[in-house]
Amino acid sequence: MMIEEAAGLVVQTSRELGIPIMIVGSLSSNYYGIPRSTNDADLVVQLQPGQLMELVKRLGPEFRLDPRPQSNR
């Protein structure tokens, strides 16, 4: 699966679950600016309790999520 397809599946699944999502990083740069490739997708999501586990369940074992929570400052 290509990175664009994988990101599309994450975006689609997030929307189905009502999870706000934003594409950032190289995929966003490719669309709006200078093309570059990092072989990953950077996505920002706003999760409610329980949504992360449901997202992981629906995406399946071939997806690896790297959670980097932002602290409330």
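Side-chain contact between Val44 and Ile21 is absent, with no heavy atoms from C-beta onward closer than 4.5 Å.
For CD of Glu62, the number of neighbouring non-hydrogen atoms (other residues, nucleotides, ligands) closer than 6.0 Å is greater than 12.
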Using distance only, find each side-chain donor-acceptor pair of residues 48-56 under 3.5 Å and give its atom names and separation, not counting sequence neighbours.
unit_1 : atom_1 : unit_2 : atom_2 : d
Gln51  : OE1    : Gln48  : N      : 2.6
Gln51  : NE2    : Leu17  : O      : 3.4
Glu54  : OE2    : Arg58  : NE     : 2.9

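With rounding to the nearest 0.5 angstrom, the CD1 atom of Ile23 is 6.0 Å from the CG atom of Leu43.
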